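To start, the structure under review is shown below, and the notes come after it.
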Amino acid sequence: MLKETNVKPIEKVVVRFAGDSGDGMQLAGNIFSNISAEIGDEISTFPDYPAEIRAPQGSLSGVSGYQVSVGKGVHTPGDEADVLVAMNPAALKTNLRYLKRDGIIVCDVDSFTAANLKKAEYATDDPVKELGIDPSHILLVPMTTLLKSTLADTGMDQKAIMKSKNMLALGVICWLFDRPVESVEAKLKKKFAKKPTVFEANVKVLHAGWDYGHNTHSSLPTYRIDTAQAEAGTYTDVTGNTATAWGLILASEKSGRPLFLGSYPITPATDILHELAKRKDLGVKALQMEDEIAGVCSAIGASYAGQLAVTSTSGPGLALKSEGIGLAVMAELPLVVIDVQRGGPSTGLPTKTEQTDLFQALYGRNGESPLCVLAAASPTDCFHMAFEAARIAMEHMTPVILLTDAFIANGSSAWRIPEPGDYPEIHPNILPTEILEKGWKPYDRDIKSLARYWALPGTPGAMHRVGGLEKDNKTSIISTDGTNHELMVQSRRRKVELIAENIPMMEPMCDADADTILLGWGGTYGHLLTAANQLNADGHPVAFWQFRYINPLPKNTLEVLKKYKRIIVAELNTGMFADYLQSKLPGKEILRINKVEGQPFLVREVVEGVIEHMKNNA
């Protein structure tokens, strides 16, 4: 049972956990997200990692953050936090800018040592006064002192004791927001199933944090976050990378094709490989290859052999895979390429988010090399779009690039686990017996989709060859004939265009009859939807649409967009999607809102950008 508290209801709240990379902020934030999702809250999270593997403890460059918004109507992790949990002076200094003016700070006062203050470049020995913090808005918790007294009888050494500090902070937050500590205990029991001593220590510390808030500050109110009215079902907290892996597994089951992943570890895509490597029980084959090129080539070989073939990477790896992807285009083999975008170019900002791989996905291969490009809109949408990428690849016999990004790949949302009938069967374009018996040739095509047939090795009478050299449009014999080459180029292009017959139409949201439409693509969905809703509520009519299908676009896209006076595209790059649309709408000016800082949009940035365009283009 929950302990009695003075509780006030609120709709939603944003909490930001910040500390050294070794302080366990990601774990504390993840557990808080999980227990919130399980009781029915909508959630959106934003893990903010430093790029350094392990910066000096207590330094400004080594601070790791985890921001989560929970409650009703949650589509983003929030522009600013209601509560900041700061585990040391460096975390307080670097994260104060993310806190609302009247926000609450929970801070480890024991960390305010002379050494830590020097590392964090403070000029005085009073961080609260130096940073201009209202003393009534900061809860200074003696975390180290509490840890030592709570675990004094366990015989644990100092280093082991300090590892539990994140659970003490989580206990305080559970008290502040009336979260069930019993749910946290269940998470800890699962995590430390093989380490009962560690489990017991963490549970002790968790309760010590809860009790500190309750006993020392019993006159202060705590808050109950109103639970959203969700569709009936079973919910869990899922990251975008995990959802992507699960979507591929479902596609394998619905298509009857075994799933193969050939991949090479790269931030921030590696968790897809990790998750699929666990699923041997579902027939998944996940291989860590020696490099990116081997990853894509192994997947192409698996595709030729009849597998649902996938390779996962980020921007630098997509560049290395480009020749292999071109081979899959030429051979017309189904292949799913997952690109979890990060800041670039080159090694760039490995732990930060951007949408700067769009042109590489659309055009980054030699020759006329068209393929399908999709983009997931949220952590949970990664499941659906991974399923869609696999469906399109196998039904239309083409490579498909699915773009996600670091924000949604590492972030999480509450996800309703689908029921068995929620997703349709996938029908791979496998060579039918009746076509084979009529005298099939390797580049015979389905009349409606122009997809060639998938002739699985071992099928009697279906021996054939495909490859990177241009082939005759029927026999697959190598051909340098110009007329044949043009026919094959146009056939491959038209095949991709016809995918538009098999994807959803564009249906603008919010005020569809407004004369301004706000457009985005991929992982900016939550921020742009929230901005559009706010604009309409404030008397600025605007329609909104987020593109998930990029090549081809929904077939009514141009017809719909031509009716709007203003078309505004917001994206985390210098205008790639805007340029792409501009090329298809030469008579329309595409207005732009751009950000390339390695961070997601703030809702207010989008709102201000739209209002500015409305004023300048009245």
Side-chain angles (χ1 to χ4, degrees), residues 14-38 43-50 53-55 57 62-70 77 81 83-88 91 95 106 108 111 141 143-144 146-147 150-151 156 159-177 179-210 236-242 267-268 270-271 274-275 351 379 406 409-414:
V14 178
V15 182
R16 187 175 182 91
F17 297 83
D20 269 323
S21 293
D23 280 342
M25 293 295 91
Q26 309 298 326
L27 176 60
N30 184 259
I31 291 177
F32 183 74
S33 304
N34 269 277
I35 64 174
S36 298
E38 287 177 355
I43 70 167
S44 178
T45 73
F46 175 41
D48 193 8
Y49 304 98
I53 293 176
R54 190 63 184 269
Q57 189 173 15
V63 175
S64 177
Y66 188 102
Q67 186 161 307
V68 55
S69 179
V70 303
V83 176
L84 169 63
V85 179
M87 304 299 278
N88 60 30
N95 284 268
V106 176
D108 177 16
S111 70
V141 183
M143 294 190 187
T144 302
L146 276 171
L147 279 171
T150 302
L151 301 178
M156 298 172 69
K159 185 177 180 180
I161 287 174
M162 294 307 294
K163 287 182 178 180
S164 301
K165 191 164 71 165
N166 59 338
M167 289 301 106
L168 194 144
L170 182 58
V172 175
I173 294 302
C174 286
W175 160 75
L176 189 63
F177 294 109
R179 302 282 91 169
V181 289
E182 293 83 358
S183 295
V184 181
E185 290 178 21
K187 301 293 180 189
L188 292 174
K189 188 171 185 178
K190 183 177 180 180
K191 180 173 179 60
F192 298 115
K194 297 180 180 179
K195 299 178 180 179
T197 303
V198 176
F199 163 69
E200 290 169 8
N202 276 278
V203 169
K204 271 189 170 184
V205 169
L206 175 72
H207 282 277
W210 200 101
T236 188
D237 175 26
V238 67
T239 67
N241 276 341
T242 300
T267 301
T270 307
D271 285 342
H274 289 168
E275 184 62 28
T351 63
N410 293 323
S412 62
S413 296

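Source: prediction; values computed, not measured.
Across Leu206 and Val181, no two heavy atoms sit closer than the pair CD2-O, 3.9 Å. In terms of heavy-atom proximity, Ala414 sits nearest to Ile43 at N-CG1, 3.3 Å. The two atoms that bring Pro47 and Asn410 nearest to each other are CG-O, 3.2 Å, heavy atoms only. For the pair Ala406 and Pro268, the tightest heavy-atom approach, listed with the atom from each and the gap, is CB-CG, 3.8 Å.
Looking only at side-chain heavy atoms (C-beta outward), Leu168 and Asp108 stay at 4.5 Å or farther from each other. Residues Met87 and Asp20 fail the side-chain proximity criterion, which asks for heavy atoms closer than 4.5 Å. Within the 4.5 Å cutoff, the side chain of Val15 has heavy atoms near those of the Phe177 side chain. Here the side chains of Leu147 and Val205 are in contact, with some heavy-atom distance below 4.5 Å. Under the 4.5 Å side-chain criterion, counting only non-hydrogen atoms from C-beta, Asp23 is not in contact with Asn166. Here the side chains of Arg179 and Ser36 are in contact, with some heavy-atom distance below 4.5 Å. Side-chain atoms of Ser33 and Tyr66, non-hydrogen and from C-beta on, do get closer than 4.5 Å to each other. Contact annotation: the side chain of Leu188 approaches that of Met167 to within less than 4.5 Å [non-hydrogen atoms, C-beta and beyond].
Atom CG in Asn30 sits 10.5 Å away from atom CZ in Phe17 (nearest 0.5 Å). Atom CD of residue Glu200 and atom NZ of residue Lys189 lie 10.0 Å apart, to the nearest 0.5 angstrom. With rounding to the nearest 0.5 Å, the separation of CG in Asn202 from CZ in Phe192 is 4.5 Å. The CD1 atom of Ile173 sits 13.5 Å away from the CD1 atom of Ile31 when rounded to the nearest 0.5 Å. To the nearest 0.5 angstrom, Leu151 atom CG is 10.0 Å from Leu146 atom CG. Note: Glu185 CD to Phe199 CZ = 6.0 Å, rounded to the nearest 0.5 Å.
Judged purely by atom type and a 3.5 angstrom limit, Thr351 uses its side chain to pair as donor or acceptor with the backbone of Tyr49. With Asn88 contributing its side chain and Ala91 its backbone, the two residues share a donor-acceptor pair below 3.5 Å. Remark: the backbone N or O of Gly65 is paired with a side-chain donor or acceptor of Gln26 at under 3.5 angstrom. Checked by atom type and distance alone, the side chain of Gln67 pairs as donor or acceptor with a backbone atom of Pro77 at under 3.5 Å.
The residue from Thr239, Thr45, Asn241 that alone fulfils the side-chain hydrogen bond (donor to acceptor under 3.5 Å, both in side chains) condition with Ser412 is Thr45.
Heavy atoms of other residues, nucleotides or ligands lying less than 6.0 angstrom from CD of Gln57 number 12 at most. Other residues, nucleotides and ligands contribute over 12 non-hydrogen atoms within 6.0 Å of the NZ atom of Lys204.
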### Message
The test is side chain to side chain contact (heavy atoms under 4.5 Å, CB included); show your working for Lys163 and Met156 and say whether it passes.
### Response
CA-CA 11 Å; Lys163 287 182 178 180; Met156 298 172 69; over 6 Å; no
